[in-house]
Enquirer: 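One structure, pasted below without further comment.
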Amino acid sequence: MLAYLDHHASTPCDPAVQAAMEPWWSVHAANPSSRLHRPALEAAAAVERARGQVAQALDAAEATAVVFTSGATEANNLALKGVLEAALERGEPRQRLLTLATEHRAVLDPLRYLERHGFPLTVLPVQPDGLVDLEAFAAALGPEVLLAAVMAANNEIGVLQPLAAIAELCRARGVLLHVDAAQAAGHIPLAMADLGIDLLSVSGHKCYGPKGVGALLVRSGVAVAPQIHGGGQEGGLRAGTVAVPLVVGLGEALQRCCADQPERSGRLGALRDRLWQGLEPLGGMRCNGVGAPRLSHNLNITVGGVDGTALHRLLRRDLAVSSGSACSQGSPSHVLAALGLSRQEAAASVRFGLGRSTGEAEITRAIDAVRAAVDQLRG
Ligand SMILES: *Cc1c(COP(=O)(O)O)cnc(C)c1O
């Protein structure tokens, strides 16, 4: 059995979440938008209950809209394109968009798409530890900036951006703040209302829920233009029949992920530290993002003096891990490049993502696998 240590790419669906979803596949098959009969009303009630669970898990303010989507990718696209389009419709002079070099491609690619269509984009570099430079961020928040997109937790190196300070700067300058929280929701305490976040994206399969579902939370008063037009579901913001089983699963998963978060973070943090203590003595090891606040279930290392392709070819016999992001499809990690790593260093990097099912056995397995690979490759 491979040791699965790729929880940033996806988490297994919680059996309790699967059980909660079960009746909504076939026993309760009504369309929640039908409204005229009892089964439809029951489905609609299940969707509203899930909406409440999502809002509560993220401590959203009372009137915050929770728009269900097919995942965090769609939620990010809706937020970024939708806010810009709504601003254009009301003749808003602010058009510049701002983000960080280490964002997920589901943020960077929609922003670059908008840039190609003529809207100015600023991509700020990060510091060597992966954190935003708050002074540079403040300096970049000129009067032409409409929206800043800053992720809560990085999917490769686990670094947590200082959202409270970022939100305060944005608020003071009249800039909207979008936060991709796919890696953070359920994994760190995250209070959308208290932090003053305007738009926030989450993903079901990053918090022990199903794949193919996510949500965009929109603070009341923030205008977003729909990007999928049709039957007017989701308050007109996302047309298409709501995926009732998936949405029920997302609500249940987020609630459960938040409920055992303190215990899980403590346990996985100790295992992660044990993993690093086992790897560091092999020599030439660098921990990426070290020194910055990080997700406790993340460890991203660069192994010195070995070829990355050869390293991963050996590791994959025993471990499900990744070099960089699951979404970068073979190209070297733009996140590690933004930290200043060379192509070779980025390729010889390993991302460990621990999760609920991780125990001592997986950690020992990982240490042994890296030790054996390094011994072989360093001769
Ligand atoms: C996984 C991930 C996404 C994409 O989420 P999907 O639900 O798979 O579309 C976006 N942003 C971050 C930070 C992620 O980790």
Side-chain angles (χ1 to χ4, degrees), residues 5-13 17 50 54 57-58 66-81 99-113 123 126 130-132 148-161 163 166 177-188 190 197 199-217 227-228 238 240 243 245-247 249-251 253-254 257 288-289 294-295 297-298 300 320-329 333-336 338 351-355:
L5 291 168
D6 204 12
H7 286 85
H8 298 295
S10 201
T11 51
C13 193
V17 169
V54 171
L58 296 157
V66 175
V67 183
F68 289 117
T69 65
S70 63
T73 300
E74 188 193 327
N76 290 342
N77 273 268
L78 174 58
L80 303 170
K81 296 173 186 168
T99 195
L100 304 183
T102 48
E103 290 293 306
H104 193 275
R105 280 192 54 189
V107 165
L108 288 174
D109 285 9
L111 290 176
R112 290 194 188 111
Y113 166 86
V123 181
V126 294
L131 289 179
V132 63
V150 179
M151 74 202 317
N154 187 271
N155 52 300
E156 293 191 35
I157 56 175
V159 163
L160 308 176
Q161 297 295 348
L163 287 182
I166 286 168
L177 175 63
H178 169 259
V179 172
D180 178 345
Q183 294 288 343
H187 299 288
I188 56 167
L190 195 62
I197 295 168
L199 303 119
L200 185 141
S201 303
V202 298
S203 170
H205 74 106
K206 303 294 176 68
C207 59
Y208 303 94
K211 293 173 180 63
V213 67
L216 177 67
L217 284 77
Q227 301 301 304
I228 297 182
R238 203 273 190 175
L246 299 180
V247 155
L250 173 62
L254 258 185
C257 200
N288 296 309
R294 276 183 301 145
L295 291 171
H297 58 290
N298 172 278
N300 188 307
V321 290
S322 66
S323 65
S325 151
C327 313
S328 57
Q329 305 205 325
S333 157
H334 69 278
V335 173
L336 298 179
R351 174 183 71 174
F352 299 95
L354 285 56

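Each ligand, and each atom within it, is numbered from 1 in the order the structure gives. When a residue number appears, it is its place in the shown sequence, counting from 1.
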Enquirer: Could you grab the distance from atom CG of Leu78 to atom CG of Leu199, nearest 0.5 Å is fine?
Expert: 8.5 Å
Enquirer: Check ligand 1 against Asp180 and write out every atom of the ligand that is under 4.0 Å from a heavy-atom position of the residue.
Expert: 10 (C), 11 (N), 12 (C), 13 (C)
Enquirer: Which part of Thr73 is near ligand 1, with near meaning a heavy atom under 4.0 Å away: side chain, backbone, both or neither?
Expert: both
Enquirer: Any side-chain heavy atom of Asn77 within less than 4.5 Å of one from Gln227?
Expert: no
Enquirer: With respect to Gln183, determine whether any N or O atom, backbone or side chain, lies less than 3.5 Å from an N or O atom of ligand 1.
Expert: yes
Enquirer: Under 3.5 Å, N or O to N or O, is Asn155 touching ligand 1 that way?
Expert: no
Enquirer: Which is it for Glu74 and ligand 1 at heavy atoms under 4.0 Å: side chain, backbone, both or neither?
Expert: neither
Enquirer: Using a strict 4.0 Å cut-off to heavy atoms of His205, name the atoms of ligand 1 that fall inside it.
Expert: 6 (P), 7 (O), 8 (O)
Enquirer: Where on Lys206 is there a heavy atom closer than 4.0 Å to ligand 1, on the side chain, on the backbone, on both, or on neither?
Expert: side chain
Enquirer: Just which atoms of ligand 1 are under 4.0 Å from any heavy atom in Met151?
Expert: 13 (C)
Enquirer: Between Leu246 and Val213, what is the shortest heavy-atom contact and its length?
Expert: O-CG1, 3.6 Å
Enquirer: Under a plain distance cut-off of 3.5 Å, with no hydrogens placed, do His178 and Ser201 share a side-chain donor-acceptor pair?
Expert: yes
Enquirer: Taking C-beta and beyond as the side chain, do His8 and Leu295 meet within less than 4.5 Å on heavy atoms?
Expert: yes
Enquirer: Taking non-hydrogen atoms only, is Ala72 closer than 4.0 angstrom to ligand 1 via side chain, backbone, both or neither?
Expert: both
Enquirer: Without swapping roles, check the side chain of Thr73 against the backbone of Ala106 for a donor-acceptor pair under 3.5 Å.
Expert: no
Enquirer: Does the side chain of Cys257 reach to within under 4.5 Å of the side chain of Lys206, using non-hydrogen atoms?
Expert: no
